[in-house]
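Here's the structure, in C-alpha cells; my notes come after.
Residue numbers run from 1 in the order of the sequence given. The structure presented is a predicted model; accordingly, all values stated were derived computationally and were not measured.
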Amino acid sequence: ITYSLTSSATCGATYTGSCITRQETGGSATPLTDPSVSVSILHFYTSDLAPTDSGQARVTIVVGGTTSATHGKTVPFYVETGATMRGTDL
C-alpha cells in the first residue's frame, strides 16, 4: 500500500487542489481527503528502523494545507501525529 500527495487531476473533477491518495499494488489511487481540503504538505519521518537500532521503530506524519470555510474563505491547517511498531513478541 502506498500513500501519496497527488495532484487534483488524479484526485478527481471535484477537487481544486491536491489530495492524499491510497493505492494498493496493481490498483488505482483512491482519494482519502475530502474535496473541500487542499493538501500541500505530506511528510513521513521515520526513526529506529534498522534491526541494529535499540529504540522502538516509529513514524511521525505531518499533513498541512487549507480547507474551505464560510463565505468562500480558506483556513490553513497543520496536523502532526505519530505511530510506533508493536513489540516483536506479539
Side-chain angles (χ1 to χ4, degrees):
I1 297 175
T2 303
Y3 295 93
S4 302
L5 180 59
T6 308
S7 69
S8 59
T10 302
C11 298
T14 58
Y15 288 81
T16 58
S18 298
C19 68
I20 297 174
T21 58
R22 177 184 190 268
Q23 184 174 7
E24 292 188 33
T25 304
S28 59
T30 303
L32 296 178
T33 50
D34 189 80
S36 66
V37 176
S38 178
V39 180
S40 56
I41 300 168
L42 177 62
H43 295 292
F44 295 88
Y45 299 98
T46 60
S47 60
D48 295 321
L49 297 179
T52 57
D53 290 337
S54 60
Q56 186 176 23
R58 62 184 174 272
V59 62
T60 301
I61 305 161
V62 179
V63 179
T66 58
T67 187
S68 299
T70 57
H71 306 294
K73 295 183 180 182
T74 59
V75 177
F77 71 91
Y78 300 93
V79 178
E80 179 179 324
T81 190
T84 58
M85 190 171 110
R86 295 187 70 164
T88 57
D89 61 333
L90 298 176

Point to revise | Separation of T21 OG1 from Y3 OH (nearest 0.5 Å) | key: 10.0 Å
Point to revise | Cluster overlap V39 with V79, hydrophobic side-chain contacts below 4.5 Å | key: yes
Review point. For T74, what residues pass the side chain to side chain contact (heavy atoms under 4.5 Å, CB included) criterion, not counting sequence neighbours?
Key: T66
Review point. Roughly how far, to the nearest 0.5 Å, is the CD atom of E80 from the CD1 atom of I41?
Key: 11.5 Å
**Study point:** All pairs passing disulfide bond (SG atoms under 2.5 Å apart) where residues 28-67 contributes a residue, at least two apart
**Key:** none
Practice item. Determine the minimum heavy-atom distance between S7 and S18, stating which atoms define it. Key: CA-OG, 4.0 Å
Practice item. Identify, with sequence neighbours excluded, every residue that meets side chain to side chain contact (heavy atoms under 4.5 Å, CB included) alongside S40. Key: none
Check your understanding: Who passes ring pair (Phe, Tyr, Trp, His ring centres under 6.0 Å) against F77, sequence neighbours left out?
Key -> none
Revision key, fill the gap. Here the disulfide bond (SG atoms under 2.5 Å apart) pairs for residues 1-54, sequence neighbours left out, are C11-C19
Exercise for review: Answer with yes or no whether the hydrophobic clustering places F44 together with V63; edges join I, L, V, M, F, W, Y residues whose side-chain heavy atoms lie under 4.5 Å apart.
Suggested key: yes
Under 3.5 Å, side-chain donor or acceptor atoms of residues 29-36 against the rest of the protein: list the pairs with distances, not counting sequence neighbours.
residue, atom, partner, partner atom, Å
T33, OG1, I20, N, 3.3
D34, OD2, S36, N, 2.9
D34, OD2, S36, OG, 2.6

Exercise for review: Kindly work out whether a path of hydrophobic side-chain contacts (I/L/V/M/F/W/Y, heavy atoms less than 4.5 Å apart) joins L5 to Y15.
Suggested key: no
